[in-house]
There are 2 protein chains.
Amino acid sequence: MSNSSLKSIAKKLSLSESTVSRALNDYKDISQSTKKLVNETVVELGYQPNIFARRLASGNPECLGFVIPWRDGQLNDPFLGELMTGMSTALTKIGWDLTVLVAKSFENEVELFKKLSMSKNLSGLIISRTLRNDERFKILTDLKIPFVAHGRSINCSNSSWLDVDNERAFFDMTKHFVSLGHRKIAHICGPNVYNFSIQRIEGWKKALLESGIQINSEFLQVADLSFDGGKIAMDKLLKLKDLPTAVSCVSDTVAMGAMQSMRNHNLSPGKEISLMGYDGLELGAWIDPPLSTMTQPIQTVGKNLAEMLVNLVDGKKKPSDLQKLVRANILRRGTDNSPMTIS
Amino acid sequence: MSNSSLKSIAKKLSLSESTVSRALNDYKDISQSTKKLVNETVVELGYQPNIFARRLASGNPECLGFVIPWRDGQLNDPFLGELMTGMSTALTKIGWDLTVLVAKSFENEVELFKKLSMSKNLSGLIISRTLRNDERFKILTDLKIPFVAHGRSINCSNSSWLDVDNERAFFDMTKHFVSLGHRKIAHICGPNVYNFSIQRIEGWKKALLESGIQINSEFLQVADLSFDGGKIAMDKLLKLKDLPTAVSCVSDTVAMGAMQSMRNHNLSPGKEISLMGYDGLELGAWIDPPLSTMTQPIQTVGKNLAEMLVNLVDGKKKPSDLQKLVRANILRRGTDNSPMTIS
DNA sequence: TTTGACTCCGAAAGCGTTTTCGTCAAAGAT
DNA sequence: ATCTTTGACGAAAACGCTTTCGGAGTCAAA
């Protein structure tokens with residue numbers, strides 16, 4: 001049971017508790033031989049330190065908080081589990097904990113931050129669902145709460161973040177359509193409150209420009225990040241005189257809405273019009289035809305987020321030194337094909 | 001900042017720390033007047049107790065662990081977020097924390113349990129994805145770790161659990177098909193290692209019997225809990241001479257696989273053959289035709305799970321007193337219709 | 001007046017670590 | 001041979017709270 005403590009180890013080795021403690025924490029003023037002895041006794045006795053005592057004494061909570069992105073009563077992020085799995089595995093390695101926090105609204109989230117900054121229960125925070133102009137960056141910085149954001153914002157240059165290279169992803173996607181022979185490539189983007197919406201549009205535009213294709217403003221449709229949003233946006237695209245032959249969608253969900261719209265117009269997704277989503281949702285493979293998309297290594301992302309935050313908390317790095325861009329990869333499943341008639 | 005401590009309150013009120021502490025913890029030997037005073041000063045100073053000190057002194061970690069159901073590298077539970085949101089909201093009310101744990105395999109999970117039982121870092125555990133014969137019930141009981149299971153098992157009578165009334169759900173679903181005029185109702189069930197597989201079969205059977213419909217053993221197909229599993233199972237059903245007019249599927253995922261199979265056979269889901277899934281996945285609404293299913297109030301479930309575990313930890317109740325069955329509701333979306341030709 | 005019960009509070013000993021500081025012997029420098 | 005450095009460890013305070021115990025005060029009953 002929890003019988004083993006520092007004291008028991010000290011007694012067994014005829015050492016003082018402080019020596020044992022420092023041996024475990026790898027202090028330089030402890031000889032290698034005693035360190036070895038201590039470590040052996042630790043496994044022998046199955047010693048588990050009392051984390052609360054340690055956290056009290058050291059002042060380091062050794063605990064990261066993940067703010068679950070709960071907004072307007074909606075939450076069904078299929079990545080959540082994988083993301084947290086990544087974080088958790090990274091943290092358990094070093095004996096830290098991951099606790100989850102829920103913010104039901106923006107105000108609620110700010111209030112949460114303030115409480116945390118007072119209680120010092122958490123070493124740092126991981127936030128997600130960043131907006132184009134996300135006030136949380138400033139608030140957390142002012143409150144001196146170490147944090148790393150999953151996603152960027154307009155004012156994140158002095159903060160720590162990890163994001164997908166959205167621009168690159170949609171550049172790649174669009175280029176991929178071009179290489180398949182498409183020239184009339186539309187883009188259904190998300191609301192511009194989200195930073196990634198802008199970035200993804202940018203990638204789409206750049207690829208078109210680089211391919212010598214003029215940008216048709218009618219080919220850019222804004223959509224809510226939902227099934228219905230995608231459907232409505234595609235409805236609009238299908239009203240155009242000159243239809244696109246490929247559509248790059250801001251998310252898989254939106255793409256599935258777009259597919260629904262196409263079916264309503266008696267069009268087969270991937271035939272008359274190709275399309276791709278983004279997110280790599282597994283369920284995209286379950287529909288007919290299976291949706292092509294772009295994936296990112298979510299679990300690695302979670303691991304990286306946690307590791308970055310730990311470095312931040314340890315004070316080894318400044319926030320601005322901890323910024324990371326990961327890359328998304330094309331996953332061809334069925335809805336990206338060559339145009340039926342090369343124009 | 002974290003300047004305020006028990007001491008500061010005590011000093012301000014000319015009381016001893018111990019009195020303040022007991023006032024906050026609502027001891028009976030503190031007068032109402034001082035309790036009031038203390039509570040006022042608490043809000044005035046914005047006092048936040050140091051949870052680590054409290055947990056160290058009291059011996060109660062005030063912290064629940066949720067074991068993320070990670071198996072064979074697969075994890076995409078869309079409920080996870082909502083479930084944890086429910087738990088977290090219930091816990092924050094009483095100042096407890098929710099930390100997540102990941103078990104990469106069964107062995108890994110058991111090892112985790114053992115460590116926890118030694119370190120006493122957590123007050124209790126919430127486990128999920130219970131099997132028909134789930135060893136974890138015995139292991140956790142033996143280790144004296146308080147826990148509540150999300151889902152039942154064959155040997156859970158002395159433990160605390162919360163589960164959907166699976167039998168009832170599939171009874172209702174099947175009855176619903178009957179009321180639509182169906183008589184030839186098949187069931188695609190899950191692997192029998194899962195407890196709910198058995199229960200759902202049971203519900204299907206009972207409804208048929210109660211409706212005076214003889215059970216056709218060919219109408220029961222086992223499937224892996226995956227898209228492909230559903231597809232394969234439906235392939236088999238479609239090979240029968242006498243086709244079913246309705247199919248009750250163990251999960252939405254399986255149902256979507258079944259739909260794929262139907263399309264491959266030039267059948268329209270919901271026309272020649274009706275079908276329903278289970279889980280209430282939102283994405284079921286995004287496909288064509290939208291999948292009818294059964295839903296449960298996931299967030300409430302999470303809240304209940306947490307509350308049950310807190311009661312268990314507090315020792316107010318015995319595990320066997322904390323068992324709860326919740327009900328799932330039919331959600332008609334499009335694939336449940338009357339048979340084309342009433343037989 | 002004494003006794004007892006009851007109310008309210010303070011003193012103090014923990015809880016199990018970390019961390020600073022001091023000590024002491026042995027090794028090195030002068 | 002003396003002085004200083006270095007290496008390795010122990011003593012003890014601190015972290016901020018909980019909880020037991022005892023004691024002072026009040027009031028009513030004996």
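Residue numbering restarts at 1 for every chain, and letters A, B, ... go by the order of the sequence lines. Just so it is clear, the structure is predicted and the values come from calculations on it, not from any experiment.
Spacing between atom CD1 of I51(A) and atom C1' of dG16(C) amounts to 12 Å, rounded to whole angstrom units. Separating the CG atom of D26(A) from the C1' atom of dT18(C) is a distance of 15 Å, rounded to the nearest angstrom. A straight line from NZ of K120(A) to P of dC15(D) spans 16 Å, rounded to a whole angstrom. Taking atom CG of residue L56(B) and atom C1' of nucleotide dA13(C), one finds them 13 Å apart after rounding to whole Å. Rounded to an integer number of Å, the gap from K11(B) NZ to dC9(C) P is 20 Å. The nearest whole Å value for the distance from the CE atom in M118(A) to the C1' atom in dG16(D) is 15 Å. Rounded to whole Å, atom P of dC9(C) lies 14 Å from atom NZ of K28(B). The CD1-P distance, from I9(A) to dG16(C), rounds to 13 Å in whole Å.
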Let me check something: any side-chain donor-acceptor pairs from residues 14-28 of chain B under 3.5 Å, sequence neighbours excluded? List them with distances.
from	atom 1	to	atom 2	distance (Å)
S16(B)	OG	S18(B)	OG	3.0
S16(B)	OG	T19(B)	N	3.2
S16(B)	OG	T19(B)	OG1	2.9
R22(B)	NE	S18(B)	O	3.2
R22(B)	NH1	D29(B)	OD2	3.1
D26(B)	OD1	K35(B)	NZ	2.9

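OP1 and OP2 of dG16(C) both lie 4.0 Å or more from every side-chain N or O belonging to R54(A).
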Set out, line by line, the N/O atom pairs under 3.5 Å between protein and nucleotides 19-28 of chain C.
from	atom 1	to	atom 2	distance (Å)
dT19(C)	OP2	Y27(A)	OH	2.9

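Under the 3.5 Å distance criterion, with hydrogens and angles disregarded, no donor-acceptor pair is assigned to the side chains of S58(B) and N60(B). Side chain to side chain, N195(A) and R132(A) meet the donor-acceptor criterion of an N or O pair below 3.5 Å.
When all heavy atoms are compared, the tightest approach of A149(A) to T130(A) is CB-CG2, 4.0 Å.
Of the inter-residue distances, the one linking M87(B) atom CE with N304(B) atom CG reads 10.5 Å to the nearest 0.5 angstrom.
Checked options F113(B), F137(B), F66(B); the residue passing with F147(B) is F137(B) (criterion: ring-ring contact (aromatic ring centres under 6.0 Å, His included)).
Surrounding OH of Y194(A) are at most 12 heavy atoms belonging to other residues, nucleotides or ligands under 6.0 Å away.
Five base pairs at each end of the helix from dT1(C)-dA30(D) to dT30(C)-dA1(D) define two local axes, and these are offset by 50° (rounded to 10°).
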